[in-house]
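Have a look at the structure below, then the notes.
Reminder, nothing fancy here: chain letters follow the sequence lines and each chain counts from 1.
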Amino acid sequence: MQASTHTSPPAPTRETRRNVRRFARRNRLQIGIIGVLVLLWLFFLALAPETFGQRSIYGAFMQSVPFFGIVAMPLTMLVIARDMDLSFPAVMAFSVTVFVLLYQSTQNVVLAFVACMATGFVLGLLNGLLVVYIGIPSLIATIGTQFFWRGMVNVATNGRAFPLTELRGTPFRELMVGRVFDFIPMQMFWMLVAAVIIWFLLNRHQFGAHIYLIGDNENSARLMGVRVRRTRCLMFAVVGLFAAFAGLLTSLEINNFFTNLGEGYLLIGLAAVFLGGTSVFGGVGTVLGTFVACFIIASIQPAVVAIGWSGFTTQVIYGFIIIVSVSMHAILRRRMI
Amino acid sequence: MEQPYRLELRNVSKSFGEVQSLRNVDLRVGMNEVVGLLGDNGAGKSTLIKIITGYHQPDSGEIIFAGQKVDNLTVAKARALGVETVYQERALADQQTLWRNIFMGREITGRFGFLNTKQIRAETERLMRGELGFTSSAVSASSEIVGFSGGEKQGVAIVRALYFQAELIILDEPTMGLALSETRKLLNFVRDIKRAGKSAIFIDHNVFHVFDVADRIVLLDRGAVAGEFRKDELTLDQLLEKMHHVAETGSLD
Ligand SMILES: Nc1ncnc2c1ncn2[C@@H]1O[C@H](COP(=O)(O)OP(=O)(O)OP(=O)(O)O)[C@@H](O)[C@H]1O
Ligand SMILES: [Mg+2]
């Protein structure tokens, strides 16, 4: 292997400055979103110090954000490839239904867990097959599957909730949603693990390389031999897998399985993806952006309450944020092309 | 007996709905031959080469690589058989980095499909300073290609095709958008392909370019082969005359 061409060494400060600029340019979206989070928290801290000055609010974030954050990150992959999955809340619920029914009948938590994950994976894969091989746009296909699996949940459970109190104090539950140092919820740890996995897939694996290419220009990808169909199918399966895991975490945390599990997560999950800088036009998006955006989304409601605005304001702000972030992308894109 | 051809198409036809883009096309490319493909807009040149690269499946006909018939050719299979292509539409991903573009579809990977980004970047950097001739320090392997000029993008597509040591290099209007000096460089690349004992299919609307580098010229007209000439059989003027004749009457004589 040849070494890259040697350039005459310029003044080190100039070189450094150029590298810093280049780094900033390349990571402008991620730096931007972190800046937004910090500014918002400072703003909230100033307006509502009695809430945002306390440790417990951050504990609450770490407790609840992973429930949708863990799906929002694989969802980011999907959106980068210009696909969409509206069925993940229903997939959450159906996978946990499998967990609950299997656990009740066998008392084998490992078996129930594995079956739950497998269910999520398979339901995701089914989405992928519908989209890729039958050719239904993913937005439409997953509207269909979301009704179908939500319906199946209700059919299988008769709409009844299942208490999971039996699992209290078991090593399994501790591992999933226990507290570290009596403060940090395990689900936060799992969200970090999920972020690292998706980051590696997207940035250091051929799978992710192909996802970016498909989202950027599917025709080019196909001309250059990217196996577009296989990649897309797998992507949907990964989302399903993570949805199952997140659903299980949610149910274990509240010691109950409700058949409407996940229903509140669809829109905030998607909002986090778009706010995090993933472009609806495809080919652009980062895991870090989504990760940070999850916390931004989650802090708006408590902030609104703490500041003393009406709770209705929350949705107005969500709406505003989504419109602004998507507009920004449209404008940036127009300027680029 | 005779040496097998690098590539042989037999009786290949292809339709898109009502449009028959190719009808009963036979094409041969020798083991060390540059074939020039000429024809009007819509004659079916790009369709033909996309069949060779595995992007389109022919409706009927056979594809034979080095004497071996290949069924269900895919892009990956064709690349494994040593076919590299500069597509007319360039096949780049604008918002992605230079290294992602150069290694598109055949990333250098280690175990479990993880990218060897260090090697990919180093190779890209080397190609950039060498073949691509980018000297500006503003451009690096991690630059998005969206800001590149048309010619620079074309350069990326060309360098990518030449990098992988292909046996058969297909160039579909590679001079599109290139300045004079760059065009000359490209024609030299094609001569290098010949000199290195490899083969090429060269498509260009500029007859002078094609006549310059091709060993043999195939005229395509409305989806069918209208004529075939070895370059030493005729002069440029005769070729031009035949092309006019074909364009007007649809046949050689
Ligand atoms: N994917 C497709 N779907 C439908 N029709 C197509 C498709 N690809 C090519 N065609 C049609 O096939 C015919 C041949 O097109 P092709 O692109 O092969 O021509 P060409 O010789 O490369 O022309 P040009 O010199 O303009 O590039 C045209 O009539 C075109 O409209
Ligand atoms: Mg063409």
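- Looking at B:Thr117, the atoms closer than 4.5 Å to chain A (heavy atoms on both sides) all sit in the side chain, from C-beta outward.
- Contact check for A:Met224 versus B:Arg79: side-chain heavy atoms found under the 4.5 Å cut-off.
- Contacts of B:Ser142 with chain A are made by both backbone and side-chain atoms, with heavy-atom separations under 4.5 Å.
- Under a cut-off of 6.0 angstrom, the local environment of CZ in B:Phe114 is crowded, with over 12 non-hydrogen atoms contributed by other residues, nucleotides or ligands.
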Please lay out, stage by stage, how B:Glu89 and A:Leu223 fare under the test side chain to side chain contact (heavy atoms under 4.5 Å, CB included). CA-CA 10 Å; B:Glu89 53 268 64; A:Leu223 284 169; 3.9 Å; yes
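- The candidate with the highest count of non-hydrogen atom pairs below 4.5 Å against chain B, out of A:Asn217, A:Val226, A:Leu213, is A:Leu213.
- With a 6.0 Å radius and a threshold of 12 heavy atoms from other residues, nucleotides or ligands, A:Phe320 has its CZ atom at or below the threshold.
- Heavy atoms closer than 4.5 Å to chain A are found in the side chain of B:Lys50, but not in its backbone.
- Put simply, the side chain of A:His205 gets close to the backbone of B:Phe112: a donor and an acceptor are under 3.5 Å apart.
- A distance of 11.0 Å separates CD of A:Gln206 from CZ of B:Arg106, quoted to the nearest 0.5 Å.
- For a residue to count as touching a neighbouring chain, one of its non-hydrogen atoms must lie under 4.5 Å from one of that chain's; by this rule B:Thr109 touches chain A with the side chain only.
- Proximity to chain A (any heavy atom under 4.5 Å) is restricted, for B:Tyr55, to the side chain, taken from C-beta onward.
- Distance check: B:Gln95 CD to A:Tyr212 OH gives 11.0 Å after rounding to the nearest 0.5 Å.
- The part of B:Arg160 that comes within reach of chain A is its side chain, from C-beta onward, which places non-hydrogen atoms under 4.5 angstrom from that chain.
- Distance CG/B:Asn116 to CZ/A:Arg204: 10.5 Å, rounded to 0.5 Å.
- Here the CG-CZ distance, from B:Leu115 to A:Phe207, works out to 12.5 Å after rounding to the nearest 0.5 Å.
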Determine whether B:Met104 and A:His210 satisfy the following criterion, side chain to side chain contact (heavy atoms under 4.5 Å, CB included), listing intermediate values before the conclusion. CA-CA 8 Å; B:Met104 187 186 297; A:His210 291 177; over 6 Å; no
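- Only the backbone of A:Ala221 has a heavy atom closer than 4.5 Å to any heavy atom of chain B.
- Residue-environment remark: CZ (B:Arg191) exceeds the threshold of 12 foreign heavy atoms within 6.0 Å.
- When atom types are taken as modelled, the side chain of A:Asp216 and the backbone of B:Asp94 share a donor-acceptor pair closer than 3.5 angstrom.
- No more than 12 heavy atoms of other residues, nucleotides or ligands shown are found within 6.0 angstrom of CZ on A:Arg227.
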